[in-house]
Number of protein chains: 2
Amino acid sequence: MSAKPISLKILAAHLDLTVGTVSRALNGYADISPVTRKRVKRAADELGYRANQNARRLSIGNPETVGYLMPRVSSSIAQPFVAQLLQGLGEALSKRSWDLLVVQPNSSKDEMAHIERMVRSGRVGGLVISRPLKNDPRIRLLQDLKCPFVVHGRTASCADYAWYDVDGDDAFVTAVNHLVSLGHSRTAFIGAPLQHQFAQDRLNGYRSAVQENGLVVDEDLIQIADFSDDGGEVATNMLLDLPVPPTAIVCVSDTMALGALAAIRSRGLLPGVDISVIGYDGLKFGIHSNPPLTTMAQPQAHAGRRLGDMLLAIIDGDDPSKHQELQRAHLLRRKTDGPLHNATVQTNVSIREEIL
Amino acid sequence: MSAKPISLKILAAHLDLTVGTVSRALNGYADISPVTRKRVKRAADELGYRANQNARRLSIGNPETVGYLMPRVSSSIAQPFVAQLLQGLGEALSKRSWDLLVVQPNSSKDEMAHIERMVRSGRVGGLVISRPLKNDPRIRLLQDLKCPFVVHGRTASCADYAWYDVDGDDAFVTAVNHLVSLGHSRTAFIGAPLQHQFAQDRLNGYRSAVQENGLVVDEDLIQIADFSDDGGEVATNMLLDLPVPPTAIVCVSDTMALGALAAIRSRGLLPGVDISVIGYDGLKFGIHSNPPLTTMAQPQAHAGRRLGDMLLAIIDGDDPSKHQELQRAHLLRRKTDGPLHNATVQTNVSIREEIL
DNA sequence: TTGCTTTACGAAACCGCTTTCGGTTAGCGT
DNA sequence: ACGCTAACCGAAAGCGGTTTCGTAAAGCAA
């Protein structure tokens, strides 16, 4: 276990060969005799030789590294996705022993600058970004830079780049249909700011599902709030204060749904019987909420690996538009969805409030 | 927005200067006239020049990169820490515009190999590892490799390296004392496998606190289980099946505590009144558990930044043993701790079970 | 033996940048 | 006018690899 890393030069000297020969021997060139190749390899791992990656990558002109731009945190309940996504990415990359660089941008400007620096400085051969905005400048930038990239999520016009997403539109159709089948005709939607494409997709799903069921969309039942549990709570309070409150709520995320549950409980109502709530994400923690949260679950573990594989393929020259993968979320029933009960409870509440 | 990155050479040609001169102009050497320096800088960002980092780092002999070894996942409730830690690390590193490399090892052997490769190949100038085992081979390896590193957590003999940890021993003393002050004399401990040093620390705190309060440690009240919510549930069921079950439980993590709550509720008991539960971590979603989880909270956001700063200082030559930071956890009371109630409820239950 | 491939390695250019070292030019004093 | 110092820039040697090209030795045929 020496401290100083040993270079190709001193390895070559040790073997009484030239660096070029040693390099070719290690890299499996055909013009090296089997005996010297063996000799070189043996010496190499006896001395613990590891090629300097900066030198190697400079030479071969390939950073063999991809970058991951962390979503800018909303500081709220920490993103449980990130760890899983990184794990999946890591797995995909490790098959070729590429490296994974993560970047935590502070502002949007900062993020653009980061991207531009990383690709121009040759630090990464590709990037994965997540949670695109409706009209995401990062995508434009990356296309201009001709830098391979994949996006976790997608925008409205997503034909010409690679993405992995779960169908939020479809998911909310499923959720609303489920609630309708339980008898609910007044289902509210709690969403996140619509500059995020996913927020728009899920709202679209909600709208079309309501209409497909022969109901009319009541704009009062659509609440956009901060993308956090607190946001969910605020939005739910707005809904419950309505003259005619909803009997069910679909939320754009599990985190917001947790806030909804809190608001409902704080009024003495019971989620799942007095008001149904369906979240989105399928976070495992939902098992432990009060009551356990019904949610549209997505195949989390998959995303990272798929994104990694896609990115590598594109870097290899694949057409990005060939790599677009849309997963479906499935309904994971726990305890916050239920049939339209005797609606007396919350109706009484709202009526009582109106009288006061 | 050109696609091909422009090199120092073509920038120099563009300016009718040599590469050396341009390089020095950009890097603030004194032997460059102010006018040419301006000229160079202007041309540089007009053309969008970014120094190739592989080349630069090879030349200066510094990878300007640190690695983060992700804790090997127990697949359970995804690690909420990771994202926060990465964010903090990123912030610390970005002050010098260093890069952050994350590695996801599969096995312990894999992990050792990763470390060895990363440092020997000059990919990283330092590493941060987390959740050390009692006798962690990674620490030995890194010391042998003379690679700067910091550890998130610490081992029993932690005098000669840098670490950031929160005092688990102290935290469990606080937790047990709190429960004793509420009248509990039979407090159980749910822990994780003791090869993890943190598990041992917290158990030590539990033991000494029990004794300091003039009570005797009942080994039956110490349950070691899988480090997950399921583990917590299993352990709690063991405890509740005891002839004389505990009236309070301290858990080595919030995740395990959630499992404990589930087990308690499933027996028709109410956490916080029939049995008190205190978790550890202070995860924000504890607010939404049933009931909201009382926990020993730690200053999460801080860890990443501190670890990053420490690592940079050590790379700069600081003595690692000068960088050891022990934070204290504080009691965050929510709803799962309460006074020793009429203990009849759970006693009746256990008695009932014995009779059957 | 000569001549011609193979085989197996050495030599050297190159990747893009940093940094030391020299040397030319300008500016100053005398 | 001369010499001397400073200011500025060019030249070149690395950093540690990869890869092309050339060539000596070895093999084979005639």
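Labels below follow one simple rule: chain letters A, B, ... track the order of the sequence lines, proteins then strands, and each chain is numbered from 1. Because the structure is a prediction, the values reported are computed rather than measured.
The existence of a salt bridge linking Arg131(B) and Asp136(B) is excluded, since no basic side-chain nitrogen approaches an acidic carboxylate oxygen closer than 4.0 Å. A salt bridge between Arg42(B) and Glu46(B) is present, with a side-chain N of the basic residue lying under 4.0 Å from a carboxylate O of the acidic one. A salt bridge between Arg96(B) and Asp316(B) is present, with a side-chain N of the basic residue lying under 4.0 Å from a carboxylate O of the acidic one.
Surrounding NZ of Lys38(A) are at most 12 heavy atoms belonging to other residues, nucleotides or ligands under 6.0 Å away. Few gaps surround CG on Asp110(B); more than 12 heavy atoms of other groups in view lie less than 6.0 Å from it.
With sequence neighbours excluded, the residues satisfying ring-ring contact (aromatic ring centres under 6.0 Å, His included) with His196(A) are Phe198(A). For the ring-ring contact (aromatic ring centres under 6.0 Å, His included) test, no residue two or more places apart in sequence or in another chain qualifies with Tyr68(A). Asp16(A) is linked by a salt bridge (charged side-chain N to carboxylate O under 4.0 Å, His left out) to nothing, counting only residues two or more places apart in sequence or in another chain.
Recorded end-axis angle for the helix from dT1(C)-dA30(D) to dT30(C)-dA1(D) stands at 60°, based on five pairs per end and rounded to 10 degrees.
For the 3.5 Å distance criterion, the side chains of Asp318(B) and His323(B) qualify, holding a donor opposite an acceptor. Side chains of Ser23(B) and Tyr29(B): a donor-acceptor N/O pair is absent below 3.5 angstrom, by distance only.
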Quiz item: When you check every protein heavy atom under 4.0 Å of nucleotides 14-24 of chain D, what one-letter string (B, S, -) results, 5' to 3'?
Solution: BBBBBBB----
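Along DNA chain C, read 5' to 3', the first and last nucleotides having any atom under 4.0 Å from a heavy atom of chain A are dA8(C) to dG16(C).
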